[in-house]
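Taking it in order: structure first as structure tokens, then the write-up.
Every chain is numbered from 1, with letters handed out A, B, ... down the list of sequences. Values in this document were obtained by computation on a predicted structure and should not be read as measured data.
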Number of protein chains: 2
Amino acid sequence: MTATAPRDETVHEAPSARQQAVLDAVLALLVEEGDQLTMDAVARRASCSKETLYKWFGDRDGLLTATVRWQASRVHAGREAVGALDAATLRERLLDFAVTWLDVIAGRTSVVLNRIAIAHAGSRKGNLGAIVLANGRLAIGGRVKPVLEAGRTAGLLAFEDSETAFRTFFGLVGRDIQIRLLLGDALDLDAAEIRRDAARAVDQFLALYGQARP
Amino acid sequence: MTATAPRDETVHEAPSARQQAVLDAVLALLVEEGDQLTMDAVARRASCSKETLYKWFGDRDGLLTATVRWQASRVHAGREAVGALDAATLRERLLDFAVTWLDVIAGRTSVVLNRIAIAHAGSRKGNLGAIVLANGRLAIGGRVKPVLEAGRTAGLLAFEDSETAFRTFFGLVGRDIQIRLLLGDALDLDAAEIRRDAARAVDQFLALYGQARP
DNA sequence: GAGGCCGCGTACCGTACGGTACGGTACTGG
DNA sequence: CCAGTACCGTACCGTACGGTACGCGGCCTC
């Protein structure tokens, strides 16, 4: 290729600080205005030109994708290191996951982003859905399953397939909350209620899969 | 009012046969084409004029609302009558609910309609979300809870709040299935797998809430 | 301090789509 | 046989919005 190739600058890796500001503007707009997000509105809100948006993100979908990725990159905090499980720490780890997860899905941002991704999944070319899935359901699965397996090797849990066990955990924690929020049910959970719900879910999960150390 | 009032014919009660055909066309289009449903496409598919669509349904939202209602009216089959529960029939009733419910939410039509309703809920004036909620989550809740309560009075189940118990049941049955489908995950469940999943959920629910007859 | 780049603001274009108007045809009641 | 009505087909209108073009000001480099 010759030297004049204009070099594709669309965001594929980490966005710059300015770009992050734009993506935050998108999130804010999404949360405030529902999902009729226009490129004009984004440009105005972020004080940048539409041309810049298209240069950085390619097209509307690119902007949405970058936004979802950006939001996902913020949620992935959280320690790892699984070793040395006793019953109390197992319960605590599960409780921690449950609370964190409920906090996320009950948040306005998560609801709106999931709405966008779901709408997107309905109109073909739906990578947005896949991205949200990978960073939501699948990501938390990937982090919980090692804990479950550690619980099993410690003789605290009994199950055959960690995926199945995790899906039960997921169901016990999430129940009808996500679908209700997505469909617009008010249902505002405060921190106390989330903690109660999470504890109940963990208790139920342990009742189903726990076993006294043999 | 004078005699020349043009009389609002928009569909509020049961749609006529011809109107049902139109609504079926909408459903077919929705399932086939994803959700970029245009009034033009509906008119073409249903062999009717756009003017008629607007006369019957008011506007696009009205058409969508009527479609959701129409679909909901088909799902509500199912016997009632709760009396005389023993352990086997309780299990059978719950299993029946679980299978039916999974069948519904795994169907293309349900997925598409939920997508529409969710997108709608994101743009204010979201009665669609409320309708889907009322005919989905809330309707099944209303039908399951009497069974649970009958189970309790028969001494087969132990719980304080039937709503809470039902939500646990809901979570155990649905798990991550609905959100994954909404986000475009392939995940095609055949009848056998649905039956297996439903049975597992019922077993787990009974393990949590069941008690031997005292 | 002159050229070059980046990016803001704004004006502009094309099109898809919601909604309306209108002519034509079939059926019904008087 | 003549209104009146219902409804189909199609042409049309207005607008919102995705995407592009262009001018101008600030900043960096030589």
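Comparing the end axes of the helix from C/dG1-D/dC30 to C/dG30-D/dC1, each fitted to five base pairs by superposing C1' atoms of four pairs onto the next four, gives an inter-axis angle of 0° (nearest 10 degrees).
Using a 4.0 Å heavy-atom criterion, one finds that A/R44 contacts no nucleic acid atom at all. Counting any heavy atom pair closer than 4.0 Å across all strands shown, B/L63 reaches no nucleic acid atom.
Between B/R45 and B/E32 a salt bridge is recorded (basic side-chain N to carboxylate O distance below 4.0 Å). Classification of A/R91 and A/D203 as a salt-bridged pair holds, one side-chain N sitting under 4.0 Å from a carboxylate O.
Under the side chain to side chain donor-acceptor pair (under 3.5 Å) test applied with A/S162, the options A/K145, A/R167, A/R152, A/E149 reduce to a single match, A/E149.
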Does the pair A/I177 and A/D197 meet the rule for a side-chain contact (heavy atoms from CB on, under 4.5 Å), with working shown?
CA-CA 11 Å; A/I177 292 177; A/D197 277 2; 4.2 Å; yes
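A/R195 CZ: 12 or fewer foreign heavy atoms inside a 6.0 Å radius.
OP1 or OP2 of C/dC6 has not a single side-chain nitrogen or oxygen of A/W56 nearer than 4.0 Å.
The B/R60 side chain lies nearest to C/dG18 when the options are D/dG9, D/dC7, C/dG18.
The separation between B/Q36 atom CD and C/dG18 atom C1' is 15 Å, rounded to whole Å.
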Identify all pairs in which a protein N or O lies below 3.5 Å from an N or O of nucleotides 20-22 of chain C, and state each distance.
from   : atom 1 : to    : atom 2 : distance (Å)
C/dC22 : N4     : B/E51 : OE1    : 2.1
C/dC22 : N4     : B/E51 : OE2    : 3.4

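When the ring-ring contact (aromatic ring centres under 6.0 Å, His included) test is applied to A/F159, no partner is found at least two apart in sequence or on another chain.
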